Amino acid sequence: MPDAIILGIESSCDETGAAVVRSGQEILSNVVASQIATHQPYGGIVPELASREHLRAIVPVVRQALAEAGHSYQSIDAIAVTQGPGLAGALLVGISFAKALAFALDKPLIAVNHLEGHVHAVLLEHRQAGGVELQFPVLALVVSGGHTHLYLARAKGDLWSYENIGHTRDDAAGEAFDKVAKLLGLGYPGGPIIDRLAPHGDPRAVKFQIVQIKHRDRKDKEKDRSPSASTEAPRPHFDFSYSGIKTAVLRYVETEQLAPSIEMRRRALAELIATKHTQPALEDYLRLCDRQTLDLVASFQRAIVSDLATKTLAAAREYDAGTLFVSGGVAANQELRTTFQREAEMQGLPVFFPSRKLSTDNAAMIAAAAFPKLLRGQFVEMDFSAEAGMALR
Ligand code: KG4
Ligand code: ZN
């Protein structure tokens with residue numbers, strides 16, 4: 001099947017996505033309905049509301065994706081849907097709809113791991129651009145609102161297998177961006193706002209120490225389980241931790257008595273959104289932030305980005321990675337991109353990011369990840385279900 005048209009459906013978190021992708025490398029359409037306005041008043045995602053919004057959006061979003069691609073329900077070859085990880089209720093909306101479509105149209109149904117989708121966001125555009133052959137193993141950092149995971153990917157033909165060599169012990173990096181933005185009265189989602197504000201502050205103004213996790217390597221853990229451990233060289237894990245920096249920002253806010261100005265900013269932004277019915281502009285944020293807050297934001301972002309880059313590049317050296325992928329919502333961050341680019345280049349390691357549109361959640365990456373599975377006939381039966389804590393292997 002050289003020319004396969006896959007309809008992808010994504011509903012794992014707070015974006016309802018549908019996309020039509022040809023043979024895992026050509027995006028014919030990519031529609032994303034964001035729920036920012038719904039969750040904004042709560043400063044974070046409310047799972048129950050997310051499911052309800054997916055229910056409202058799923059039919060029009062799929063119709064629009066088909067129309068923009070010039071396809072009909074009948075002309076697609078397969079349907080791909082995110083199985084997990086994500087919010088169970090949100091995942092179930094996409095899965096139920098995909099099952100119903102597959103059943104009614106008698107088309108094959110493919111289940112995709114959301115994290116593999118993020119990896120395929122990079123691959124899709126790399127192939128689309130006719131990029132050079134990738135050197136394996138590929139080290140993939142998936143950094144989003146729910147994940148800060150490092151995977152070592154190896155290829156078996158078109159199918160990739162993944163070994164997890166690091167993950168966050170507490171908050172994901174995107175979660176830290178969101179929580180700090182909420183704490184500073186900047187609203188939700190925090191990542192894009194902090195990204196735009198950080199260049200206006202001094203990143204050296206506030207010193208943040210990010211916890212360096214001392215971890216036993218895998219060989220030690222295996223030894224605990226079986227006395228006849230292998231003689232293989234130990235392979236360390238590269239774990240992250242971002243809940244401490246959020247507490248450090250809170251301490252700073254308390255010591256510097258920033259609470260009254262934060263409350264003023266929170267109210268002014270809420271009023272702007274309520275009266276203008278649009279997202280505040282950069283100028284609005286800048287007008288409502290004093291120098292100290294801008295410096296705090298810049299220092300926070302610098303600390304997270306430096307930690308992500310240092311650990312990821314150390315992992316790349318340790319595991320002798322041939323290529324680096326950085327994907328997920330936080331990969332849209334400008335400072336992160338420049339830092340990884342610079343440091344990977346110094347290490348002679350090719351690094352690839354998705355375009356900004358494909359960094360955050362979307363269904364094109366789900367349709368792309370499904371293509372090798374379609375070629376291998378890896379379909380799911382109608383009784384498959386959502387897996388909120390699904391691992392990537
Ligand atoms: O991949 P994604 O859309 O959803 C998840 O799978 O979690 O990632 C969303 C996360 C949010 O935490 C958001 O604040 C963060 O990605 N994010 C950013 C940027 N754009 C989105 N973080 C930093 N800088 C950005 N430009
Ligand atoms: Zn995601």
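For clarity, every value in this text was computed on a predicted model and none was experimentally measured.
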Would you sort out whether E116 and Y151 count as a side-chain hydrogen bond (donor to acceptor under 3.5 Å, both in side chains), showing the intermediate values? CA-CA 10 Å; E116 185 168 32; Y151 293 99; over 6 Å; no

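- Shown are V122, L324, N333, L336; of these, the side-chain contact (heavy atoms from CB on, under 4.5 Å) with F353 is made only by L336.
- Exactly one residue among N113, N164, V142 makes a side-chain contact (heavy atoms from CB on, under 4.5 Å) with L392. That residue is N113.
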| said: Go through it in stages, so that I can follow the logic: the residues are Q301 and E335, the test is side-chain hydrogen bond (donor to acceptor under 3.5 Å, both in side chains), and I'd like the CA-CA distance, side-chain angles, deciding distance and then a yes or no. | reply: CA-CA 8 Å; Q301 180 173 285; E335 184 175 359; 2.7 Å; yes

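- A donor-acceptor pair under 3.5 Å is absent between the side-chain atoms of H118 and the main chain of D361, judged by distance alone.
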- Message: Under the criterion salt bridge (charged side-chain N to carboxylate O under 4.0 Å, His left out), I'd like the reasoning laid out for E271 against R267: C-alpha separation, chi angles, the key distance, then a yes or no.
- Response: CA-CA 6 Å; E271 207 174 300; R267 285 190 190 180; over 6 Å; no

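- The aromatic rings of H147 and H149 stand perpendicular to each other, their planes meeting at an angle above 60°, with 30° marking the opposite boundary.
- Side-chain atoms of L139 and L152, non-hydrogen and from C-beta on, do get closer than 4.5 Å to each other.
- Between Q25 and H126 there is no side-chain heavy-atom pair separated by less than 4.5 Å.
- Annotation: cation-pi pair K182/Y42 absent, no NZ/CZ under 6.0 Å from the ring centroid and within 45° of its normal.
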(Q) Would Q74 and L105 count as a side-chain contact (heavy atoms from CB on, under 4.5 Å) here? Give the steps. (A) CA-CA 7 Å; Q74 282 73 28; L105 301 169; 3.9 Å; yes

* Asked: After noting the C-alpha distance and the side-chain angles of S359 and R337, does the key distance pass the side-chain hydrogen bond (donor to acceptor under 3.5 Å, both in side chains) rule?
  -> CA-CA 12 Å; S359 294; R337 286 175 181 243; 3.0 Å; yes

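- Taking the six-membered ring where the residue is Trp, W160 and H120 present tilted rings, their angle falling between 30° and 60°.
- One N or O on the side chain of T323 and one on the backbone of Q135 form a donor-acceptor pair closer than 3.5 Å.
- Residues C289 and R265 form a side-chain contact, since some pair of their non-hydrogen atoms from C-beta on lies under 4.5 Å apart.
- No donor-acceptor pair under 3.5 Å is formed between the side chain of K373 and the backbone N or O of I110.
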- Message: Evaluate S161 against E163 for side-chain hydrogen bond (donor to acceptor under 3.5 Å, both in side chains), listing each step before the verdict.
- Response: CA-CA 7 Å; S161 65; E163 180 190 352; over 6 Å; no

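- When each of T148, D170, D307, D171 is paired with Y242, the side chain to side chain donor-acceptor pair (under 3.5 Å) condition holds for D307 and for no other.
- Under the 4.5 Å side-chain criterion, counting only non-hydrogen atoms from C-beta, L282 is in contact with L197.
- L308 is listed as a side-chain neighbour of I304, based on a closest heavy-atom distance under 4.5 Å.
- The hydrophobic cluster containing L66 does not contain V21, counting ILVMFWY residues as joined when their side-chain heavy atoms lie under 4.5 angstrom apart, directly or transitively.
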